Amino acid sequence: GGPALRGAAAYDAAVAEMEATLAANRDRLDTATVRVLEQSLQTIDRAVAEARAAIQRDSGNAYLRGQINANLRAKVNVLRLATRALTSAT
């Protein structure tokens with residue numbers, strides 16, 4: 001695979017690591033915080049899934065590709081904030 005596939009693999013690995021950290025330590029966060037985080041991540045995941053489905057129908061659509069990338073960056077940012085909250089909660 002080219003650079004895009006390597007980038008996607010790195011993204012997937014980073015997300016998986018942060019999700020595992022969050023799952024293993026979620027009891028250290030306030031329940032309201034966990035609820036907001038989960039809702040945010042679900043919203044982002046839905047948006048990514050919808051854009052990926054749409055891009056299957058219109059593979060050349062640069063706008064959809066941009067939306068997917070923006071949503072994936074948002075997910076990474078939410079997970080980064082959550083893992084930072086964990087380190088400050090100790």
Side-chain angles (χ1 to χ4, degrees):
L5 289 177
R6 284 193 298 275
Y11 161 82
D12 290 342
V15 165
E17 183 178 335
M18 287 186 284
E19 285 177 333
T21 299
L22 183 58
N25 296 285
R26 63 183 280 145
D27 59 325
R28 293 172 43 205
L29 293 173
D30 179 74
T31 55
T33 300
V34 171
R35 186 168 46 253
V36 169
L37 285 170
E38 288 177 345
Q39 289 171 345
S40 295
L41 293 170
Q42 288 171 0
T43 299
I44 293 166
D45 287 342
R46 269 194 310 275
V48 169
E50 289 170 7
R52 284 183 172 159
I55 212 159
Q56 293 300 316
R57 297 185 298 273
D58 186 6
S59 62
N61 191 318
Y63 172 77
L64 290 174
R65 289 191 189 284
Q67 287 301 106
I68 291 169
N69 290 333
N71 284 314
L72 294 177
R73 283 191 302 274
K75 183 172 185 171
V76 168
N77 289 335
V78 167
L79 288 167
R80 278 190 187 131
L81 288 171
T83 54
R84 282 190 197 128
L86 285 170
T87 59
S88 66
T90 56

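These numbers were taken from a predicted model, which means no experiment stands behind them.
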Student: Listed by chain and number, what are the side-chain hydrogen bond (donor to acceptor under 3.5 Å, both in side chains) partners of Glu50, not counting sequence neighbours?
Tutor: none

Student: Do Met18 and Val76 have side chains that approach each other closer than 4.5 Å (heavy atoms only, starting at C-beta)?
Tutor: yes

Student: Output the distance between atom OG1 (Thr33) and atom CG (Leu81), rounded to the nearest 0.5 Å.
Tutor: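 The distance works out to 11.5 Å.
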
Student: Could you check whether any side-chain heavy atom of Leu22 comes within less than 4.5 Å of a side-chain heavy atom of Val34, counting everything from C-beta outward?
Tutor: no

Student: Would you find more than 12 non-hydrogen atoms of other residues, nucleotides or ligands less than 6.0 Å from Glu38 atom CD?
Tutor: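 Count over threshold, so yes.
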
Student: Keeping the roles fixed (side chain from Thr83, backbone from Leu79), state whether a donor-acceptor pair exists under 3.5 Å.
Tutor: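 At least one qualifying donor-acceptor pair exists.
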
Student: As an exercise, state the distance from CG of Leu72 to CG of Asn77, rounded to the nearest 0.5 Å.
Tutor: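 It is 11.0 Å, given to the nearest 0.5 Å.
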
Student: Any side-chain heavy-atom pair from Arg35 and Gln39 closer than 4.5 angstrom?
Tutor: yes

Student: Nearest 0.5 Å, please: how far is OG1 in Thr21 from CZ in Arg80?
Tutor: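 Answer rounded to 0.5 Å: 13.0 Å.
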
Student: Atom OH of Tyr63 and atom CD1 of Ile68: how far apart are they, to the nearest 0.5 Å?
Tutor: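 Here the rounded value is 11.0 Å.
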
Student: Glu19: what forms a salt bridge (charged side-chain N to carboxylate O under 4.0 Å, His left out) with it, not counting sequence neighbours?
Tutor: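 Salt bridge (charged side-chain N to carboxylate O under 4.0 Å, His left out) list for Glu19, sorted by chain: Lys75.
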
Student: Is there a side-chain contact between Leu37 and Leu29 in this structure, where contact means two heavy atoms from C-beta onward sitting under 4.5 Å apart?
Tutor: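 They are in side-chain contact.
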
Student: Tell me if a side-chain donor or acceptor on Asn61 pairs with a main-chain N or O of Leu64 at a distance below 3.5 Å.
Tutor: yes

Student: Can you check whether Ser59's main-chain N or O pairs, donor with acceptor, with Arg65's side chain at less than 3.5 Å?
Tutor: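 Between the backbone of Ser59 and the side chain of Arg65 there is a qualifying donor-acceptor contact (under 3.5 Å).
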
Student: Nearest 0.5 Å, what's the OG-CG distance between Ser40 and Asp45?
Tutor: 10.5 Å

